[in-house]
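Scroll down for the structure; my scribbles are underneath it.
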Amino acid sequence: MTLTIVGSQLGDEGKGALVDRWGGDADVVVRYQGGDNAGHTVVEGGVEYKLSLVPSGAVRGTTGILGNGCVVNPKTLFTEIDDLRERGLDPDVRVARRAHVIMPYHRVLDGIEEEVKADDDAGDEVGTTGRGIGPTYEDKAGRRGIRIADLLAPDVLREKLEYAVPQKRALVEDVYGLEIEGGDDRAEAFDVDALHEEFAAIGERLADEGMTVNCSDYLHRRREAGDEILFEGAQGTHIDIDHGNYPFVTSSNPTAGAASVGSGLGVTAVGDGEVVGIVKAYLSRVGEGPLPTELDGDADEEALADDIREKGGEFGTVTGRPRRIGWLDLPMLRHAARVSGFTGVAVNHVDVLAGLDELKVCTGYELDGEEIDTVPTTTERWERCEPVFAELDTWAEFDSAAVAEAGYDALPEAAREYLEFVADEIDTPIYAVGVGPDREETVELTNPFDE
Ligand code: IMP
């Protein structure tokens, strides 16, 4: 069967912990979109692994695939693999030959575009991770991208660089009016010969290590052989380029439909399996864009946000930026459950909410005198939404390890009421509850691979 793990909110819901946990029952873990903009922290026996590109299952020794829907920075990939090897692991990672490559000029252009947007005072900068994600997907759609397969064929690679690089140069110099200085990193990022040398060598290493695959064919065969496949979504529903809060989105589709498109395994295979939405028990957002339930109204709310941020470790894995904090927003979850067709949810960080003086959940919004129960389609309308809150009982601090061992009924009663309220509102059963960062600190009600 297949299991697809999807972020229900704005990324950083703690997907890595569940992928890692259930990945133990999978034979293959596949990333189907995004690149090294993702940040997954996996804690195994007190040891922390921070991964951006390598699928989280690698910590468990499961085969990890970067599907054709991903954009791959090979330098990040090799750094992560080498680091895991140095720490005594032997990750088995394959890359789709159809996946697109993040080139150095994509990262430069990502930075320039954000700077230009920041300078025009229109408030339109996205707050990207600066990893070159958007510019790489632009080139993919513009049919001038460089794919992993091209790195294996030096002549093809040169031809493609000779077509793309002058366009990028012109963009920097003629459109943005900036200079490409000689002798520094930026100059190398736009130098066909330097790029060719570096990326042909990367292709050699990919070939030597037998890392590239025809993803569709590979997964089809593994499935035919009876292997279990886990799709690891990165980012979250509300930063999906089609279903999220455009333009404050990433340039790929984190939602479940992309598991099929981004891997080449048919929709029937993905739809035949389980789709589990990962929910953080409150909200966090890194980057710009609306957040109706944000705790930023007054000094008390800001102090509460600070507490939650500290306790939940809410600082970007990739960028280190402090994350904005808000109450749980059910309209966002309803939208996520519908778009991806959740069969279950896992609610994380329930321990972070312990010991609060008040606890709110947004059940709907008021917009232009009307009450609505899902997220409006435009940023402008979403920004004007006033949250309608339900107040729920709070719970005291509890011993996460003991609760994880004893099971769901050992959770404080108010925490269970909170979880059941959420499950009812989005009409989706709870499969797991995260009560701490360690893999063991998860209360499992249902293992989707047993369904
Ligand atoms: P990009 O993906 O770097 O282009 O950034 C676009 C938007 O998505 C920005 O608001 C980022 O902060 C956000 N974003 C990208 N990746 C992640 C992630 O893994 N977690 C949370 N937010 C992300």
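Note that ligands are numbered from 1 as they come in the structure, with each ligand's atoms numbered from 1 the same way. As the structure is a computational prediction, the values presented were derived from the model and not from experiment. Residue numbers run from 1 in the order of the sequence given.
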State whether the side chain of Arg334 and the backbone N or O of Val375 hold a donor-acceptor pair below 3.5 Å, judged by distance alone.
->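 Looks like no, no N/O pair under 3.5 Å.
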Give a yes or no answer on whether the side chain of Gln235 reaches the backbone of Thr250 with a donor-acceptor pair at less than 3.5 Å.
->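 Here the side-chain-to-backbone pair does not exist.
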Answer yes or no: is there an ion pair linking Lys75 with Glu198, defined by an N-O contact shorter than 4.0 Å?
->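 A salt bridge links Lys75 with Glu198.
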Would you check ligand 1 and list the protein residues that come within less than 4.0 Å of it by any heavy atom, ordered by chain and number?
->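 Close residues (ligand 1, cut-off 4.0 Å): Leu10, Gly11, Asp12, Asn37, Ala38, Gly39, Val126, Gly127, Thr128, Thr129, Ile133, Gln235, Ile239, Val249, Thr250, Val286, Gly287, Arg321.
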Apply the test salt bridge (Lys or Arg N to Asp or Glu O under 4.0 Å) to residues Glu288 and Lys117: give CA-CA distance (whole Å), side-chain angles for both, the deciding distance (0.1 Å), then the verdict.
-> CA-CA 12 Å; Glu288 305 305 318; Lys117 284 182 172 172; over 6 Å; no
Taking C-beta and beyond as the side chain, do Leu66 and Leu77 meet within less than 4.5 Å on heavy atoms?
->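 In short, these two side chains touch, coming nearer than 4.5 Å.
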Taking side chain to side chain contact (heavy atoms under 4.5 Å, CB included) as the test, write out the residues that go with Ala258, two or more places apart.
->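 By the side chain to side chain contact (heavy atoms under 4.5 Å, CB included) rule, Ala258 matches Tyr32, Asn253.
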